[in-house]
Amino acid sequence: MSSNKRTPIYEGKAKQIFEGPEPGTLIAHFKDDATAFNNQKKGQIRGKGVINNKISEYLMLRLSEIGIPNHFIRTLNMREQLIRAVEIVPLEVIVRNVAAGSFAKRFGVPEGSALRMPIVEFCLKNDELGDPFVTEDHIFSFDIADPMEVDDIRLMSMRINDFMNGLFRGVGLRLIDFKIEFGRIYDEEGRSKIILADEISPDSCRLWDVTTGEKLDKDRFRQDMGGVEEAYQEVAKRLGVLPSAHIAELDDKRVES
Ligand code: TMP
């Protein structure tokens with residue numbers, strides 16, 4: 001099915017969403033487009049869509065195995081996956097293990113300081129407002145989620161953090177922080193349930209090499225550090241998910257140049 005025959009539902013900064021083949025499903029198409037600082041910096045990271053599709057698939061499958069419900073159904077092709085349609089909870093949930101990024105800046109904590117305990121932060125998912133920080137009071141008052149849902153989100157976020165810390169550590173990476181999103185699905189009786197949605201990839205995580213401290217994530221793009229494509233490939237390689245066709249494509253390009 002070519003992408004121009006499908007019904008587009010939504011276009012985000014890094015993904016495009018199309019109508020799925022069955023009711024209750026959607027197709028997520030992972031683009032190479034990258035943005036930072038709320039869309040002020042724009043660029044492309046060659047091969048990012050292919051790699052993030054693979055990494056996100058891998059992580060969602062591992063998380064399913066430990067009982068974290070999520071929207072992933074199956075991979076369709078190099079850049080696309082079939083997902084469950086959810087009602088997105090408009091929150092960016094950030095979990096931090098080590099001070100970095102906006103946290104280091106806001107609180108004047110040196111980048112790289114380990115936090116005494118993981119910190120969960122909530123931001124409203126709203127680009128026009130610059131994703132402002134919100135507390136649980138804002139979340140309840142604005143009817144974004146109810147207290148039981150926020151409990152679920154917190155518990156799942158901490159569990160995801162514990163699991164991913166170990167998983168990345170096993171391949172020589174330190175999970176500094178990450179951002180996740182959640183959505184609601186409904187059963188026949190209209191009861192809702194919170195599940196993990198969106199993606200988990202080097203776009204939405206900070207990952208540093210355990211030994212050298214080298215940054216292997218989107219900070220290389222944000223901070224113009226170079227070696228962006230290589231960093232994404234390295235994470236995929238360490239997780240054992242770099243698609244062989246993609247390696248072949250990159251090798252072809254190397255031969256041509
Ligand atoms: P921050 O330190 O810039 O607030 O970012 C915290 C984490 O969230 C980091 O792993 C990058 C990720 N993130 C996103 O995925 N999307 C965003 O829009 C922002 C600001 C951060």
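As a basis for the values below, the full set of heavy atoms in this structure was taken, side chains included, without hydrogen atoms, waters or symmetry mates. Computed from a predicted model, the values in this text were never measured in an experiment. Counting starts at 1 for both ligands and their atoms, in listed order.
- A salt bridge does not link D217 to R206: none of the charged side-chain nitrogens sits closer than 4.0 Å to a carboxylate oxygen.
- Listed by chain and residue number, the protein contacts of ligand 1 are E92, I94, R96, A100, G101, S102, D177, F178, K179, D203, S204, C205, R206, R222 (heavy atom within 4.0 angstrom).
- Applying side-chain hydrogen bond (donor to acceptor under 3.5 Å, both in side chains) to K48 and the options D203, D32, N53 leaves one that passes, D203.
- Side-chain contact, N52 with Y232: no donor N or O sits under 3.5 Å from an acceptor N or O.
- Looking only at atom types and distance, the side chain of N97 has a donor-acceptor partner in the side chain of N161 under 3.5 Å away.
- Put simply, CD on E181 and NE2 on H71 are 9.5 Å apart, with the number rounded to the nearest 0.5 Å.
- Among Q81, E57, E80, K54, the one residue that satisfies the side-chain hydrogen bond (donor to acceptor under 3.5 Å, both in side chains) test with T75 is E57.
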